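Counting begins at 1 with the first residue of the sequence. Both backbone and side-chain heavy atoms feed into the values below; hydrogens, waters and symmetry mates do not. The model shown is predicted, which means the values in this text are computed figures rather than measured ones.
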Amino acid sequence: QVQLVESGGGLVQAGESLRLSCAVSGSIFRIDNMGWHRQIIGKPRELVAEILHNGHANYASSVRGRFTISRDYAKNAVYLQMNSLNHEDAAVYYCSAAIAETSSPSVGFYWGRGTPVNVSS
């Protein structure tokens with residue numbers, strides 16, 4: 001069974017940085033796209049950044065230039081370096097991945113349980 005586990009969230013002051021990590025485990029044949037989303041209570045979950053299997057990255061306009069997504073293919077992990085955090089970045093951050101398991105030829109979309117990021121003034 002595939003699991004995604006996020007870590008690295010916490011409370012920071014405005015202007016500071018955080019690095020989120022997401023480790024994928026289970027019977028994995030291949031991981032395609034990986035990404036980070038965030039959600040504020042009462043609002044839809046939104047894509048923050050995604051990184052394709054070829055390494056190409058896409059970002060939401062609100063974080064472009066401040067956030068950097070990266071992945072470690074050997075460790076089946078994805079990271080989000082967040083710099084110059086502000087109050088609008090406070091949310092629960094979720095890791096996602098498109099994964100083909102060894103037991104199935106099809107690709108499924110998986111989510112982590114989320115890690116909270118809070119930004120104080």
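- Within the 3.5 Å criterion, the main-chain N or O of His53 finds a donor-acceptor partner in the side chain of Tyr73.
- Note that CD1 of Ile51 and CD1 of Ile69 are 5.5 Å apart. Values are rounded to the nearest 0.5 Å.
- With hydrogens and angles ignored, the 3.5 Å screen pairs no side-chain donor or acceptor of Arg71 with any backbone N or O of Ala77.
- Partner of Asn118 under the side chain to side chain contact (heavy atoms under 4.5 Å, CB included) criterion, out of Leu18, Leu85, Leu11: Leu11 alone.
- Across Ser84 and Ser17, no two heavy atoms sit closer than the pair N-OG, 4.2 Å.
- Other residues, nucleotides and ligands place more than 12 heavy atoms under 6.0 Å from the CZ atom of Arg64.
- Taking both residues in full, the closest heavy atoms of Asn86 and Val119 are given as O-CG2, 3.4 Å, listed atom of the first, atom of the second, then distance.
- Grouped by direct or indirect side-chain proximity (heavy atoms under 4.5 Å, Ile/Leu/Val/Met/Phe/Trp/Tyr only), Val107 sits alone.
- Grouping the Ile, Leu, Val, Met, Phe, Trp and Tyr side chains by contacts below 4.5 angstrom, directly or via other members, places Leu47 apart from Phe67.
- Screening Gln1, Glu101, Gln3 for a side-chain hydrogen bond (donor to acceptor under 3.5 Å, both in side chains) involving Tyr110 leaves a single residue, Glu101.
- A cation-pi arrangement is present between Arg19 and Tyr79 under the rule of less than 6.0 angstrom and at most 45 degrees off the ring axis.
- Defined by atom type and a distance below 3.5 Å, a donor-acceptor pair is missing between the side-chain atoms of Asp89 and His87.
- Grouped by direct or indirect side-chain proximity (heavy atoms under 4.5 Å, Ile/Leu/Val/Met/Phe/Trp/Tyr only), Tyr94 sits with Val92, Phe109, Trp111.
- Between the Arg38 side chain and the Ala91 main chain, no donor and acceptor come within less than 3.5 Å of each other.
- With hydrogens and angles disregarded, a donor-acceptor distance shorter than 3.5 Å links the side chain of Glu6 to the backbone of Cys95.
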